[in-house]
Amino acid sequence: MEIKNHYVVIMAGGVGSRLWPMSRTANPKQFHDLMGIGKSLLRQTFERFNGICPIENFYIVTSHEYADLVKKQLPELTDDQVLTEPDRRNTGPCVAYACFKIEDLNKEAVITIAAADHYIINEENFRQTIMLGVKQAQSSDCLITLGIKPTRPDTGYGYIQFTDSNETIDAKIKKVKTFAEKPDLEHAKQFLESGDFYWNSGIFIWSVKSVLKGIEKHMPHTNGLFSEGRGFYNTPKEKAFINTIYQQCKNLSIDYGLMEKAKNVFVILSDFGWSDLGTWGSLYSHIAKDENQNAVVGKNIRFYNSSGNMVNVAREKLVVIQGLEDYIVVESEGILLICKKEDEQKIKQFVNDIKLEKGDKYI
């Protein structure tokens with residue numbers, strides 16, 4: 001059921017270098033059909049919220065260089081619903097921009113913030129969870145994040161420790177006790193065993209009143225810049241104003257700038273099958289496997305004596321793989337990556353090295 005005061009902001013400005021060479025600066029991962037289902041990650045994210053948020057209440061925040069990609073993949077939206085950032089300054093300024101703009105339109109707004117690159121298995125459960133968060137945000141001064149029930153001691157995610165609360169409308173909404181950065185394996189195992197730590201999904205829900213009050217208190221520099229734009233938002237002067245102040249914005253995440261400092265933070269305990277699809281390994285875990293545990297995106301791939309591989313190639317490419325075990329094989333626009341799955345964290349280093357040696361051509 002749509003709620004007229006519900007707004008959805010999708011953050012779609014990242015580069016996603018850990019999914020190189022498919023994800024590149026000119027065309028990053030959120031605009032690709034990484035799952036081989038005929039829809040980009042951005043399109044899937046948009047459709048996931050469609051029906052619980054009016055079309056006119058969607059906003060996409062992206063880099064200015066991706067505006068045309070967004071409009072092509074989401075033709076339902078107007079130009080004014082695509083907010084372009086002139087510089088990458090992390091999620092703090094991104095969220096502030098969208099929330100100040102929405103406040104100018106509707107001071108009773110409740111806003112869900114989501115990234116464009118998340119994968120959700122149970123979308124109906126997801127929508128119910130979002131609606132629960134919207135109702136909580138409408139009824140109290142709170143900042144809500146969705147916590148994901150951990151299934152393994154993962155060292156690639158941040159964690160949220162929670163405690164019971166009598167301030168919420170549902171038992172699944174808990175008070176946040178602390179945020180924990182990405183842990184080492186030993187601490188991740190302890191978090192999993194304790195039962196009171198969930199993964200931090202980076203999906204947020206809040207009223208525009210609560211979030212702007214929090215930004216004013218905990219992110220004064222950011223607040224000072226964006227509050228100067230009151231009177232410019234949703235006018236022809238908005239773009240020039242944003243282009244001017246972004247140069248002064250600090251590179252600051254909304255997690256560090258606001259959520260880890262505020263006292264009115266709550267987490268909804270969620271279990272709808274979630275991944276941020278940040279790496280080829282995370283993608284591997286969500287793609288159907290053959291009898292030898294090879295995960296494939298592509299139509300013309302033959303394996304001989306090979307198992308446990310993640311292969312992503314263009315549909316028209318014929319690829320023959322013999323004798324590989326637990327490798328990532330990705331071909332995209334003339335670039336071929338062959339890397340052990342266990343070493344996928346080195347892909348960022350590969351990208352940095354190539355940039356130094358070859359410039360931006362392959363990045």
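Residue numbers count from 1 along this sequence.
Within 6.0 Å of NZ on K341 lie more than 12 heavy atoms contributed by other residues, nucleotides or ligands. At most 12 non-hydrogen atoms from other residues, nucleotides or ligands lie less than 6.0 angstrom from OH of Y256. Enclosure of atom CZ in R152 by more than 12 non-hydrogen atoms of other residues, nucleotides or ligands within 6.0 angstrom is indicated. Atom NE2 of H64 has more than 12 heavy atoms from other residues, nucleotides or ligands within 6.0 Å. Counting heavy atoms of neighbouring residues, nucleotides and ligands inside a 6.0 Å radius, atom OH of Y362 does not exceed 12 of them.
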Contacts under 3.5 angstrom, residues 172-183 side chains, donor-acceptor by atom type, not counting sequence neighbours:
unit_1, atom_1, unit_2, atom_2, d
K174, NZ, D164, OD1, 2.7
K174, NZ, A171, O, 3.1
K175, NZ, K263, O, 2.6

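With salt bridges taken as basic N to acidic carboxylate O contacts below 4.0 Å, none links K39 and D33. Residues K213 and E103 are not paired through a salt bridge, judged by the lack of any N-O separation under 4.0 Å between the basic side chain and the carboxylate. Salt bridge absent: K209 and D141 never bring a charged side-chain N and a carboxylate O closer than 4.0 Å. With respect to the salt-bridge test (charged N to carboxylate O, under 4.0 angstrom), the residues E65 and R88 qualify.
A continuous path of ILVMFWY side-chain contacts below 4.5 Å connects Y7 to L212, so both sit in one hydrophobic cluster.
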Problem set entry | Derivation and outcome, salt bridge (charged side-chain N to carboxylate O under 4.0 Å, His left out), residues D80 and K101 | CA-CA 11 Å; D80 192 53; K101 182 179 175 72; 3.3 Å; yes
Problem set entry | E76 vs R43, salt bridge (charged side-chain N to carboxylate O under 4.0 Å, His left out): CA-CA, chis, key distance, verdict | CA-CA 11 Å; E76 298 94 332; R43 184 73 207 179; 2.6 Å; yes
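E344 and Y284 form no side-chain donor-acceptor contact under 3.5 Å, judged by distance and modelled atom types alone. Side-chain contact check for Y159 and W199: at least one donor-acceptor pair (N or O, by modelled atom type) lies under 3.5 Å. A donor-acceptor contact closer than 3.5 angstrom links the side chains of Q81 and T78. Between the side chains of N309 and D326, no donor N or O sits under 3.5 Å from an acceptor N or O. Y97 and E85 form no side-chain donor-acceptor contact under 3.5 Å, judged by distance and modelled atom types alone. At a cut-off of 3.5 Å, with distance as the only test, a side-chain donor of Q136 or S140 sits close to an acceptor on the other residue. N294 and K289 form no side-chain donor-acceptor contact under 3.5 Å, judged by distance and modelled atom types alone. Of the N and O atoms on the side chains of N125 and D271, not one donor lies less than 3.5 Å from an acceptor on the other residue. Side-chain contact, H32 with S23: no donor N or O sits under 3.5 Å from an acceptor N or O.
Relative orientation of the F197 and F191 rings is parallel, given thresholds of 30° and 60° on the angle between their planes.
Judged by distance alone, with hydrogens and angles left aside, the side-chain atoms of S207 form no donor-acceptor pair with the main-chain N or O of V110 at under 3.5 Å. A donor-acceptor pair under 3.5 Å is formed between the side chain of R89 and the backbone N or O of C249. R127 places a side-chain N or O within 3.5 Å of a backbone atom of R48 that can act as its donor or acceptor partner. Between the side chain of N300 and the backbone N or O of R315 there is at least one donor-acceptor pair closer than 3.5 Å. Within the 3.5 Å criterion, the main-chain N or O of A116 finds a donor-acceptor partner in the side chain of T45. Remark: side-chain polar atoms of N90 are not paired, donor with acceptor, to backbone N or O of G92 under 3.5 angstrom. Between the side chain of Q73 and the backbone N or O of L69, no donor-acceptor pair lies under 3.5 Å.
Residues passing the ring-ring contact (aromatic ring centres under 6.0 Å, His included) test with F162, sequence neighbours excluded: Y198.
Exactly one residue among V211, N223, I242, V208 makes a side chain to side chain contact (heavy atoms under 4.5 Å, CB included) with F100. That residue is N223.
Taking the six-membered ring for Trp and the full ring otherwise, the centers of W206 and F266 sit at least 6.0 Å from each other.
By the 4.5 Å heavy-atom criterion applied to side chains, M22 and K29 are not counted as neighbours.
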